[in-house]
Amino acid sequence: MSETHEQLMEKIVALSKRRGFIFQSSEIYGGINGFWDYGPLGVELKRNIKDVWWHDMVRRRNDMVGLDSAIIMNPKVWEASGHVVSFNDPLVDCTGCRARYRADQIFTVVAAEADNELLAAGVEANDEQHAREQATAAANSKTRRRIKQRGDDLSWAVFRADQGGDGRPALCPNCNAELTAARKFNMMFKTFVGAMEDSSAVAYLRPETAQGIFANYKNVLDTSRMRLPFGIAQIGKSFRNEINPRNYIFRSREFEQMEIEFFCHASGADQWYRYWRDARFQWYVDLGLTSSKLRLRDHDQDELAHYAASCADVEYEFPFGVSELEGVANRTDYDLSRHQEFSGRDMSYYDDQTKERFIPYVIEPSGGVDRAALAFLCEAYTEDQAPDEHGNPQPRTVMKFHPRLAPIKLAVFPLVKREGMPELAQRIYDEATGSGLSAFYDEKGAVGRRYRRQDEAGTPFCATVDGQSLEDNTVTVRDRDTLEQIRLPADEVVSWVAERIR
RNA sequence: GCGGGCGUAGCUCAGUGGUAGAGCGUCACGUUGCCAACGUGAAUGUCGUGAGUUCGAAUCUCAUCGCCCGCUCCA
């Protein structure tokens, strides 16, 4: 990350605090790593993101229904989902060069003839065969020749760093020093349900909202009269005990997800996968992430999780690097099959048309609300020039949020604080808030300063009551991005703004 | 978790052992008639937290918490 990118990120963080978008959690007690609070402007931004998503993905569609499932579920859910066993990363540290690795990706290869050890090396590899080849290739020429000569007479030992080699320590791929024993971190937060804090009372804070959808799939099917293909959508908090939260609100231990599980027949899964991948990408574009900073990246085959047939990431180029906003995956029938197996409940679907019974495939678009909020903050942050009272250009900081996402839609000012201007401005403000518009009234100080304050909050429109207003009942409306002003009848301002934030 | 950098007013930062500072912001009054830094005045800090050294610590030592960068990780 270059110096200027760091500085840009720092400016965005500073503005977010200064204007009340985002605060560190428990700041008065020194904070707590990986947790964040949203201030008055931040909560409006975040709520707008969720509202727009819910509107676009659920209410506007006839093939989607919503759900709000509990954060704490029966722990068996997480056994079925695989999180209890595999939602962890066994890690090892090098005692020599202090590097850290995922233990399941590190192999130690030992080749010996009788008691004479020819080769003992650590390598990064996907399986034993590759590990052996890589270790051999990395050895010096004399050793390579010896290995080739001796061939089958050699005894080989290849073991993974998290599985141990009969008491023999694993070796570092970088410096060949000994690695520490593997330590496991399950990333699920544990808690206890009820009065007894024993193993039978252990429960987990959900690491994803998706399982609440799968667990309710039958309930929804039986009660909503939905038929395939259809989706269930949910927005909610999830928790992951990240080893190392980083990059502001990007990787937090408590975060919010917007997830869809879209159920369909296996034969249509690939088509629906491509549909949702493109639709979700376009959603971000439509909300203002139009720059070249937004990408859609298909995963390579070897990058896929074991349950996924295909997967794509919507990525955004943050100041700290390109990172994932949302993942869209074809999860096949893996999840429902697992729940059928673990719960003993039938998860199949009967199609009256084709007389076919099957377990549906699932397409999962899974987005992070906080990551989206951060992307919109980064995208909105703009420094440009605006003229001062003498017409000389001055630097200006403005948050160019899409009007649908802007925390405040309309600010209302009296040009000066007298001659009845505050009264008319107040009436317009009351009408705005009364009709559900997020609005702000300000009569203090010079009007130019009030405009600039709203620029930092990202308010798209400012209405100003002036002397002429008192004669013909019109006001000026100023555009945040162009600074242009138009004159509108005072009683049309609210509907004019409402029109532009749909 | 390892290594490096950092933590002083709401924000950005100065202050290397002797009374806690600046700019911006905020608030009040005045001025102001459409785009920040006009005038006058005001508030704001256990110098991240806790211990230690010292006659005396923002400053030195240790611990701890948090932030940033790299490694690592990322369902």
Side-chain angles (χ1 to χ4, degrees), chain A residues 1-3 5-7 9-11 13-20 23-35 81-83 86-95 97-102 105 174 180 183 185 187-188 207-208 210-211 238 240 242-248 250-251 257 259 304-308 311 313 320 323-324 327 329 331 335 364 366 368 371 385-397 413-419 421 444-456 462 464-469 475-478 480 483-485:
Chain A
M1 185 155 71
S2 77
E3 193 65 21
H5 285 165
E6 271 178 50
Q7 288 166 352
M9 198 60 215
E10 278 166 17
K11 284 187 201 169
V13 171
L15 182 141
S16 294
K17 166 139 199 215
R18 184 170 73 241
R19 289 276 104 119
F23 308 121
Q24 193 183 10
S25 168
S26 332
E27 192 190 63
I28 61 171
Y29 290 103
I32 177 166
N33 197 355
F35 299 89
S81 69
H83 286 83
S86 70
F87 196 55
N88 55 36
D89 301 303
L91 298 180
V92 287
D93 292 309
C94 175
T95 55
C97 68
R98 305 234 169 257
R100 163 169 290 189
Y101 306 96
R102 268 182 63 169
Q105 293 173 349
N174 180 39
T180 60
R183 286 165 299 165
F185 299 97
M187 290 167 84
M188 282 195 293
E208 62 176 28
Q211 298 304 325
S238 291
R240 288 180 198 170
E242 298 286 353
I243 296 163
N244 194 356
R246 205 44 89 77
N247 291 331
Y248 200 33
F250 183 82
R251 181 174 300 118
Q257 291 183 298
E259 290 197 300
L304 297 173
H306 61 279
Y307 51 74
C311 186
D313 285 344
F320 49 79
S323 289
E324 176 188 349
R331 296 178 65 106
D335 300 280
E364 177 191 82
S366 171
R371 290 180 175 191
Q385 305 273 315
D388 63 13
E389 57 186 324
H390 308 295
N392 302 318
Q394 300 289 348
R396 175 178 80 132
T397 303
F413 310 143
L415 187 57
V416 288
K417 199 172 23 171
R418 57 167 189 263
E419 294 167 21
M421 294 181 206
K444 292 177 188 139
V447 72
R449 185 185 293 269
R450 286 178 261 160
Y451 283 139
R452 296 302 171 87
R453 261 197 291 256
Q454 293 306 314
D455 287 339
E456 282 205 343
C462 296
T464 301
V465 174
D466 58 16
Q468 187 183 332
S469 308
V475 299
T476 63
V477 175
R478 175 254 201 193
R480 176 194 66 199
L483 306 184
E484 281 168 9
Q485 288 178 295

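Throughout, a chain's letter reflects where its sequence line sits, starting with A, and its residues are numbered from 1.
When heavy atoms are screened at a 4.0 angstrom cut-off, A:Gln24 is found touching the sugar-phosphate backbone but no base atom. A:Arg450 comes within contact range of no nucleotide atom at all, as no heavy-atom separation falls under 4.0 Å. Here A:Arg418 lies in heavy-atom contact (under 4.0 Å) with a base. In this structure, A:Arg396 reaches neither bases nor backbone, as no heavy-atom distance under 4.0 Å exists between it and the strands shown. Residue-level contact check: A:Phe23 touches neither bases nor backbone, having no heavy atom under 4.0 Å from any strand. In this structure, A:Gly368 reaches neither bases nor backbone, as no heavy-atom distance under 4.0 Å exists between it and the strands shown. Residue A:Gln454 is out of contact with every strand shown, counting any heavy-atom pair closer than 4.0 Å.
The CD atom of A:Gln385 sits 14 Å away from the C1' atom of B:rC35 (whole-angstrom rounding). To the nearest angstrom, C1' of B:rC67 lies 11 Å from NZ of A:Lys17. Straight-line distance from the CE atom of A:Met187 to the C1' atom of B:rU72: 12 Å, rounded to whole Å. In this structure, A:Glu456 atom CD and B:rC24 atom C1' are separated by 11 Å, rounded to whole Å. B:rC67 atom C1' lies 10 Å from atom CD of A:Glu10, rounded to whole Å.
Comparing B:rC13 with B:rG7, their C1' atoms sit 12 Å apart, to the nearest whole Å. Straight-line distance between the C1' atoms of B:rG41 and B:rC68: roughly 39 Å, to the nearest whole Å. B:rA37 and B:rG23: their C1' atoms are spaced 10 Å apart (whole Å). Spacing between B:rG48 and B:rU31 at atom C1', rounded to whole Å, works out to 42 Å. Rounded to the nearest Å, the gap between the P atom of B:rG45 and that of B:rA58 is 16 Å. Rounded to the nearest Å, the gap between the C1' atom of B:rU46 and that of B:rA9 is 14 Å. Atom P of B:rA42 sits at a distance of 36 Å from the matching atom of B:rA51, rounded to the whole Å. When the C1' atom is used for both B:rA57 and B:rU8, the distance is 14 Å, rounded to whole Å.
OP1 or OP2 of B:rC67 sits under 4.0 Å from a side-chain N or O of A:Asn33. The phosphate of B:rA37 (OP1 or OP2) has no side-chain N or O of A:Arg453 nearer than 4.0 angstrom. Contact annotation: A:Arg452 side-chain N/O to B:rA36 OP1/OP2 distance is under 4.0 Å. Regarding contacts with the backbone of B:rC68, every side-chain N or O of A:Asn247 stays at 4.0 angstrom or more from both OP1 and OP2. An OP1 or OP2 oxygen of B:rC38 is reached within less than 4.0 angstrom by no side-chain nitrogen or oxygen of A:Arg449.
Between the A:Glu259 side chain and the A:Ala210 main chain, a donor and an acceptor come within less than 3.5 Å of each other. Looking at A:Arg371, its side chain does come within 3.5 Å of a backbone N or O of A:Glu324 through a donor-acceptor pair.
To the nearest 0.5 Å, atom OG1 of residue A:Thr476 and atom CG of residue A:Asp466 are 6.0 Å apart. Distance check: A:Ser16 OG to A:Tyr248 OH gives 3.5 Å after rounding to the nearest 0.5 Å. Interatomic distance, CD of A:Glu242 versus CG of A:Asn33, reported as 11.0 Å (0.5 Å rounding). Separating the OG atom in A:Ser81 from the CD atom in A:Glu208 is a distance of 6.5 Å, to the nearest 0.5 Å.
With distances taken from any side-chain atom of A:Arg18 to the nucleotides B:rC11, B:rC35, B:rC29, the minimum falls on B:rC11. Checked against B:rA36, B:rG10, B:rC34, the side chain of A:Pro395 finds its nearest nucleotide in B:rA36. Among B:rC35, B:rC73, B:rC34, the nucleotide with an atom closest to any side-chain atom of A:Asp466 is B:rC34. Closest approach to the A:Leu415 side chain among B:rA37, B:rG33, B:rG10 is made by B:rG33 (side chain taken as heavy atoms from C-beta onward). Set against B:rU12, B:rC69, B:rU32, the side chain of A:Phe320 has B:rC69 as its closest nucleotide. Set against B:rC34, B:rA28, B:rA36, the side chain of A:Gln394 has B:rA36 as its closest nucleotide.
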Q: Dump the intermediate steps for salt bridge (charged side-chain N to carboxylate O under 4.0 Å, His left out) on A:Glu456 and A:Arg396, then the final yes or no.
A: CA-CA 9 Å; A:Glu456 282 205 343; A:Arg396 175 178 80 132; over 6 Å; no
Q | salt bridge (charged side-chain N to carboxylate O under 4.0 Å, His left out) between A:Arg19 and A:Asp455, intermediate numbers included | A | CA-CA 11 Å; A:Arg19 289 276 104 119; A:Asp455 287 339; over 6 Å; no
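Between A:Ser366 and A:Pro387, the residue anchored closer to the 5' end of RNA chain B is A:Pro387, taking for each the nucleotide with the nearest heavy atom. The residue among A:Glu419 and A:Glu242 whose nearest nucleotide of RNA chain B is located toward the 5' end is A:Glu419.
Under the Watson-Crick or G-U wobble criterion, with both distances below 3.5 Å, B:rG45 has no partner in any strand shown. Across every strand in view, B:rC67 sits in a pair with B:rG5 that passes the Watson-Crick or G-U test at under 3.5 angstrom. Pairing for B:rG17 is absent, judged as Watson-Crick or G-U wobble with the two contacts each under 3.5 Å. Summarising the base pairing, B:rG50 is matched to B:rC62 through a Watson-Crick or G-U wobble pair whose two defining distances lie under 3.5 Å. Using the Watson-Crick or G-U wobble rule with both distances under 3.5 Å, B:rC24 pairs with B:rG10. Applying the Watson-Crick and G-U wobble criteria (two distances, each under 3.5 Å), B:rA37 pairs with nothing in any strand. The partner of B:rU31, taking Watson-Crick or G-U wobble pairs whose two distances both stay under 3.5 Å, does not exist in any strand shown.
A:Phe320 has its ring centre less than 6.0 Å from the ring centre of A:Phe250.
Remark: the A:Arg246 side chain and the B:rC68 base include no donor-acceptor N/O pair separated by less than 3.5 Å.
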